[in-house]
2 protein chains.
Amino acid sequence: MAEDRRTRRTRRALGSALVELVLERGFSALTVEDITERADVARATFYAHFKGKDDLFARVATDLLEQLAQRLEPAVSGSAVGFTGKPLLEMLRHVSDERDTYRVVLRGEGDGKPLQMFVDSCAAATAQEFKARAERNSVQPRIDADLLARVWVGEQIAVLRWWAEQDTPPMPAEEVVRMLLDLALHGRYWASGFTAPDQD
Amino acid sequence: MAEDRRTRRTRRALGSALVELVLERGFSALTVEDITERADVARATFYAHFKGKDDLFARVATDLLEQLAQRLEPAVSGSAVGFTGKPLLEMLRHVSDERDTYRVVLRGEGDGKPLQMFVDSCAAATAQEFKARAERNSVQPRIDADLLARVWVGEQIAVLRWWAEQDTPPMPAEEVVRMLLDLALHGRYWASGFTAPDQD
DNA sequence: AACGTTTACAGACACAATGTTTTGTATCTT
DNA sequence: AAGATACAAAACATTGTGTCTGTAAACGTT
């Protein structure tokens with residue numbers, strides 16, 4: 001009782017068509033018929049699989065997240081948590097492999113809901129690691145934990161987005177990771193080449 | 001030849017109605033009629049002012065940005081640029097004053113287009129300041145400038161968003177600025193209470 | 001290879017939202 | 001007060017939505 005091949009085919013076709021078309025025209029400009037036409041699928045068939053275009057988009061996004069989680073598992077469970085760079089490296093690679101889908105999600109199409117899912121997922125993972133580290137080493141953060149987590153995740157998303165929008169990689173993924181490790185270590189002034197801030 | 005009062009009234013009413021309704025139901029779930037009903041304006045009148053709901057939303061967003069730019073001007077032109085914290089402080093205050101509108105924009109409603117406007121605006125300002133500093137002090141950033149700018153802006157947006165979503169301020173705006181200055185100075189490990197990263 | 005089952009297709013349907021137009025009325029500016 | 005302008009109300013064609021048919025093809029199973 002394995003999944004029907006026709007089902008797989010049409011679902012895939014609809015998902016790809018959605019991503020293509022969102023990149024071309026933007027999510028809100030699309031009709032269900034646009035999608036089915038591109039995918040070469042009858043409109044009625046679309047509704048046999050999805051409630052509407054939001055539903056389709058949501059599934060595309062969750063599929064992406066599941067795939068990412070799967071690829072991230074060894075990197076996360078391996079190290080004793082913290083910002084080792086391994087998870088980020090794996091993420092960058094995943095983005096390279098699924099560039100179009102990431103672009104669509106990270107651009108915040110679909111009223112930012114799929115992106116929200118992504119952010120929440122990252123935030124949850126971050127908060128968890130964060131707490132674990134704090135407990136393990138029994139230290140108190142010098143900056144409000146909630147605020148710090150937001151900054152952390154916002155930074156990661158910004159990097160992924162930048163990475164996704166590149167047509168041709170401006171530098172190897174390992175280089176990006178190295179830079180961000182340095183940034184996390186030394187702070188932004190160091191990174192920008194300065195040693196002292198303007199205080200006024 | 002000042003602007004007609006009726007025009008101002010209806011435009012305001014429609015803008016407020018949009019923000020209210022987006023917070024309640026989300027942008028994509030709204031119809032033009034929903035908005036006109038809430039604003040107590042005839043549907044035909046709506047189209048006399050705006051091309052559609054996207055257009056209305058775009059104007060609400062640009063109005064917000066203009067207002068922000070106006071409030072930011074003294075803070076930016078006053079200091080010789082750099083991360084002084086003054087602009088950020090002013091931004092946080094503006095968010096407090098226009099919380100609802102900021103929520104709507106920063107959540108990425110409307111396929112993230114208004115948010116994109118916001119990000120681009122911040123990125124442009126950041127890049128400009130960044131370049132000016134580098135030239136003034138004739139130093140080379142240790143991290144790719146483009147990447148650093150993204151991280152920078154991503155961080156700011158994350159903070160603003162966190163700030164906007166608070167119902168009751170968890171700390172004074174000045175405190176937030178202080179934390180972020182510290183973060184920019186010393187890096188993330190310092191902020192989280194650690195001194196050395198996990199390297200593996 | 002033939003079976004019963006599942007899925008896709010094409011077309012038709014009522015319904016909802018869009019965007020435009022018209023005409024009369026109320027409210028502005030000067 | 002007078003002329004201009006914006007608004008309300010209603011009707012309109014158009015487009016997209018979501019659902020439902022009967023029929024044909026592809027599927028997994030045995």
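The chains referred to below are lettered A, B, ... by the order of the sequence lines, with proteins before strands, and numbering in each begins at 1.
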query: Per the atom types in the model, does the base of dA8(C) pair as donor or acceptor with the side chain of Arg6(A) at under 3.5 Å?
result: no

Donor/acceptor link under 3.5 angstrom from Arg5(A) side chain onto base of dG28(D): no

Whether [X] side chain and [Y] backbone form a donor-acceptor pair below 3.5 Å:
X: His94(B); Y: Glu90(B); answer: no
X: Asp111(B); Y: Glu109(A); answer: no
X: Glu73(A); Y: Ala69(A); answer: no

Could you tell me how far apart [X] ([atom1]) and [N] ([atom2]) are, to the nearest whole angstrom?
X: Phe46(B); N: dA6(D); atom1: CZ; atom2: P; value: 17 Å
X: Glu3(A); N: dT6(C); atom1: CD; atom2: P; value: 15 Å
X: Lys53(B); N: dG16(D); atom1: NZ; atom2: P; value: 15 Å
X: Ile35(A); N: dG18(D); atom1: CD1; atom2: C1'; value: 14 Å
X: Asp34(B); N: dA17(C); atom1: CG; atom2: P; value: 7 Å
X: Asp55(B); N: dG19(C); atom1: CG; atom2: C1'; value: 13 Å
X: Glu37(B); N: dT18(C); atom1: CD; atom2: P; value: 13 Å
X: His49(B); N: dA6(D); atom1: NE2; atom2: P; value: 7 Å

query: Hey, which of these two, Glu33(A) or Ala44(A), hits DNA chain D nearer its 5' end, going by closest nucleotide?
result: Glu33(A)

Within the structure, does a side-chain N or O atom of [X] lie under 4.0 Å from either OP1 or OP2 of [N]?
X: Thr7(B); N: dC28(C); answer: no
X: Tyr47(B); N: dG19(C); answer: yes
X: Thr10(A); N: dA8(C); answer: yes
X: Thr45(A); N: dC9(C); answer: yes

- prompt: So which nucleotide from dT17(D), dT7(C), dT18(C) ends up closest to the side chain of Val32(A)?
  reply: dT17(D)

- prompt: Can you tell if the side chain of Tyr47(A) reaches within under 4.5 Å of the side chain of Val32(A), non-hydrogen atoms only?
  reply: yes

message: Would you say that Ser28(B) contacts Phe27(A) through its side chain, given a criterion of any heavy-atom pair below 4.5 Å between the two side chains?
response: no

field: Of Arg43(B) and Arg9(B), the one whose closest DNA chain C nucleotide lies more 5'
entry: Arg43(B)

